[in-house]
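This report concerns only the one structure given below.
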Amino acid sequence: MNTELWGSCLQGLVDFLKGLGAARLMAMIAVTAALIGFFAFVIMRVTTPQMTTLFTDLSMEDSSSIIKDLERQGIQFELRNDGSVILVPKDKVTRLRMKLAEGGLPKGGGVGYEIFDKSDALGTTSFVQNINHLRALEGELARTIRSIDRVQAARVHLVLPERPLFSRETPEPSASIVVRVRGTLDPAQIRAIRHLVASAVNGLKPQRVSIVDEAGQLLADGSVTDVDQAVGDERRTAFEKRMRKQVEDIVSSVVGQGRARVQLSADFDYNRITQTSDKYDPEGRVLRSSQTREEQSATTESNGQVTVANELPGTPPNVNPQTPRDQSKKTEETNNYEISRTTKTEVTEAGRVNRISVAVLVDGAYDKNEKGDLVYKERSKEELDRIAALVRSAIGFDQKRGDQVEVVNLKFAEAPAVPQINEPSGILGMLQFTKDDVMYVIELGVMMLLGLVVMFMVIRPLVKKILASEDVAALTGLPALTDETAQAVAQAASSQQTAHLIDVAQVQGQVHAQSVHRVGELADRNPGEAAAIIRQWLAEPQQN
């Protein structure tokens with residue numbers, strides 16, 4: 001029974017396919033293949049994971065190493081911009097970055113200290129070791145500089161001269177850096193790069209570091225005056241910005257947000273002054289040493305005469321007493337004192353504020369009139385004086401150094417805007433979709449809508465047209481019917497019950513019973529077209 005059932009089903013399928021005809025069968029096969037291809041594309045596009053960027057601005061070496069690792073792990077990836085950008089599935093990007101970072105990827109396109117991991121220290125000369133150390137140092141510095149914001153790529157060249165023999169002076173090292181940036185670098189970033197390289201190289205000074213961008217523009221030429229001027233300008237700019245913000249905040253709290261404009265200018269003195277002064281205290285004396293010296297002398301007068309006999313040997317001395325003629329006494333005293341002395345050295349660093357000038361422009365007040373319109377109203381002088389007093393207190397006003405503060409009330413060109421707070425609402429506000437999620441949902445919706453449009457606007461009319469053309473061909477391919485046969489066919493097409501009551505014997509010799517049943521089925525499915533064909537047959541002239 002099963003064999004006969006399968007055989008009958010297979011025979012019925014073969015008869016059905018033969019009954020369709022070659023043209024109809026080919027058309028249905030083409031439509032089926034197109035439909036399968038379209039829905040396969042839609043399914044593949046929907047089921048494809050969302051791709052996101054893994055790394056950008058990769059060198060060829062890093063890109064090749066990362067691709068080999070991804071292929072080894074069997075992870076799907078895409079390449080963009082000639083291999084400099086790699087995209088991976090969004091749900092795996094974090095794990096892949098940590099996995100690649102564990103393996104030291106990306107390396108940044110330069111050689112770092114890993115050059116010593118693969119070298120043979122026993123068979124390497126000192127010259128090669130020095131060259132490798134220089135290459136490693138340049139590569140590590142380039143990697144560090146690339147980690148700074150806005151720096152896309154960097155290359156470092158170091159010159160580390162050796163001290164010549166029998167020379168007292170050692171040549172100073174120098175460095176040159178070429179960077180490729182996105183936008184422009186701030187002066188603080190340029191100075192940070194110079195100090196970074198100078199701190200990493202022994203004996204290198206920041207003034208000996210030159211920086212050039214990819215356009216050939218000199219960002220730092222290595223002059224001392226350039227560095228000092230940059231530091232002074234940055235300090236002055238930072239001071240003015242801080243003071244301007246303080247003044248604007250305190251004024252805006254009085255006149256309203258956005259209703260005040262503040263301009264502040266500071267004059268700095270960048271001269272460094274060193275002053276030394278000595279001060280002596282006459283009252284503060286301390287005896288250190290004392291020395292006293294006394295001298296006394298006396299002169300005597302003789303009454304006898306001085307003769308030769310008196311001076312001869314053996315002559316008895318003169319017994320006459322001598323009386324003193326003159327006496328003198330001298331006393332000398334020396335005292336040494338320690339006098340109090342004060343030495344004071346004052347060093348005034350560069351960057352003193354000589355003068356501050358502030359200009360404050362405030363808008364007037366706005367009141368509503370009877371019609372509800374905003375009407376401008378000037379501020380009173382008393383209110384302006386109070387604002388000026390607040391500004392003086394905020395900047396540390398000093399009249400001796402010539403500070404100036406001007407507060408002026410003028411009408412602004414634009415009217416005060418009513419602040420509006422745009423808060424997320426609807427589905428985006430509740431679910432807080434990201435931009436990528438919204439774009440992915442929109443893409444899926446477009447694909448589904450396109451599939452429905454193709455189904456109802458292309459495939460369905462095409463199938464319907466093929467079936468209708470085959471039915472018309474089947475009807476027009478029948479032999480010419482007589483009036484009686486046409487009337488019988490018309491009665492069969494009126495309803496399905498009438499088609500079953502047609503007596504096959506009445507149309508004997510004209511058509512076969514199978515043809516009549518087929519005509520009845522076609523007429524039942526397409527009554528309008530069948531009636532039009534019958535009218536055409538009836539209108540044709542009879543041939544003798």
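These numbers come from a predicted model, not from an experiment.
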Considering non-hydrogen atoms only, spot the tightest contact between [X] and [Y] and give its length.
| X | Y | answer |
| --- | --- | --- |
| Glu169 | Pro164 | O-CD, 4.3 Å |
| Arg236 | Phe268 | CG-CD1, 3.8 Å |
| Asn409 | Val362 | ND2-O, 3.0 Å |
| Thr170 | Arg163 | OG1-CD, 3.4 Å |
| Ala200 | Leu137 | O-CD1, 4.3 Å |
| Ala198 | Pro206 | CB-N, 3.7 Å |

With the side chain counted from C-beta on, respond yes when [X] and [Y] share a heavy-atom pair under 4.5 Å apart, and no when they do not.
| X | Y | value |
| --- | --- | --- |
| Val255 | Arg379 | yes |
| Arg95 | Ile75 | yes |
| Leu390 | Val251 | no |
| Thr343 | Thr276 | yes |
| Pro173 | Leu204 | yes |
| Glu172 | Lys205 | yes |
| Ser174 | Pro161 | no |
| Leu54 | Leu87 | no |

Output all residues satisfying side-chain hydrogen bond (donor to acceptor under 3.5 Å, both in side chains) with [X], sequence neighbours left out; order by chain, then residue number.
| X | answer |
| --- | --- |
| Asn354 | none |
| Arg72 | Asp69 |
| Arg401 | Asp403 |
| Asp267 | none |

Nearest 0.5 angstrom please: [X] [atom1] to [Y] [atom2], how far?
| X | Y | atom1 | atom2 | answer |
| --- | --- | --- | --- | --- |
| Glu378 | Leu384 | CD | CG | 9.5 Å |
| Asp91 | Leu96 | CG | CG | 9.5 Å |
| Gln189 | Leu219 | CD | CG | 11.0 Å |
| Arg146 | Leu141 | CZ | CG | 11.0 Å |
| Glu248 | Ser253 | CD | OG | 11.0 Å |
| Gln246 | Leu264 | CD | CG | 10.0 Å |

Query - Arg80 with Glu78: basic N within carboxylate O range, under 4.0 Å - result: yes

Query raised in the report: Would you call Glu140-Arg143 a salt bridge at under 4.0 Å N-O?
Result: yes

Requested in this report: List the steps and the verdict of side-chain contact (heavy atoms from CB on, under 4.5 Å) for Phe239 and Val353.
Outcome: CA-CA 10 Å; Phe239 177 81; Val353 179; 4.2 Å; yes

Check for a donor-acceptor pair, side chain of [X] on one end and backbone N or O of [Y] on the other, with a separation under 3.5 Å.
| X | Y | value |
| --- | --- | --- |
| Gln263 | Val360 | no |
| Asp367 | Val375 | no |
| Asp213 | Val179 | no |
| Ser147 | Thr144 | yes |
| Ser199 | Leu196 | no |
| Arg180 | Glu214 | no |
| Glu240 | Ala266 | yes |
| Asp363 | Phe412 | yes |

**Report entry** Counterpart residues, ring pair (Phe, Tyr, Trp, His ring centres under 6.0 Å), relative to Tyr376 (two or more places apart)
**Finding:** Tyr366

Query - ring pair (Phe, Tyr, Trp, His ring centres under 6.0 Å) against Phe55, all qualifying residues, sequence neighbours excluded - result: none

Give a yes or no on this: more than 12 heavy atoms of other residues, nucleotides or ligands lie within 6.0 Å of atom [atom1] of [X].
| X | atom1 | result |
| --- | --- | --- |
| Gln257 | CD | no |
| Glu71 | CD | yes |
| Asn202 | CG | no |

Requested in this report: Could you walk me through whether Ser63 and Ile86 pass side-chain contact (heavy atoms from CB on, under 4.5 Å), step by step?
Outcome: CA-CA 8 Å; Ser63 181; Ile86 299 179; 4.0 Å; yes

Requested in this report: For Glu382, enumerate each residue passing the side-chain contact (heavy atoms from CB on, under 4.5 Å) test, keeping only those at least two apart in sequence or located in another chain.
Outcome: Ser380, Arg386

**Report entry** Residues forming a side-chain contact (heavy atoms from CB on, under 4.5 Å) with Leu218, sequence neighbours excluded
**Finding:** Val212, Asp221

If the condition is salt bridge (charged side-chain N to carboxylate O under 4.0 Å, His left out), which residues does [X] pass it with, not counting sequence neighbours?
| X | answer |
| --- | --- |
| Glu406 | none |
| Lys381 | Asp385 |
| Lys241 | none |

Requested in this report: Begin from the C-alpha positions of Ile193 and Leu185 and carry the test side-chain contact (heavy atoms from CB on, under 4.5 Å) through to its verdict.
Outcome: CA-CA 10 Å; Ile193 293 174; Leu185 292 178; 4.2 Å; yes

Query raised in the report: Val405 and Ile395: side-chain contact (heavy atoms from CB on, under 4.5 Å), yes or no, with the steps?
Result: CA-CA 10 Å; Val405 175; Ile395 66 173; 3.7 Å; yes

Less than 3.5 Å apart, which donor and acceptor atoms pair up between the side chains of residues 148-156 and the rest of the protein, not counting sequence neighbours?
residue : atom : partner : partner atom : Å
Arg150  : NH1  : Thr184  : O            : 2.7
Arg150  : NH1  : Asp186  : OD1          : 3.3
Gln152  : NE2  : Asp57   : OD1          : 3.0
Gln152  : NE2  : Asp57   : OD2          : 3.2

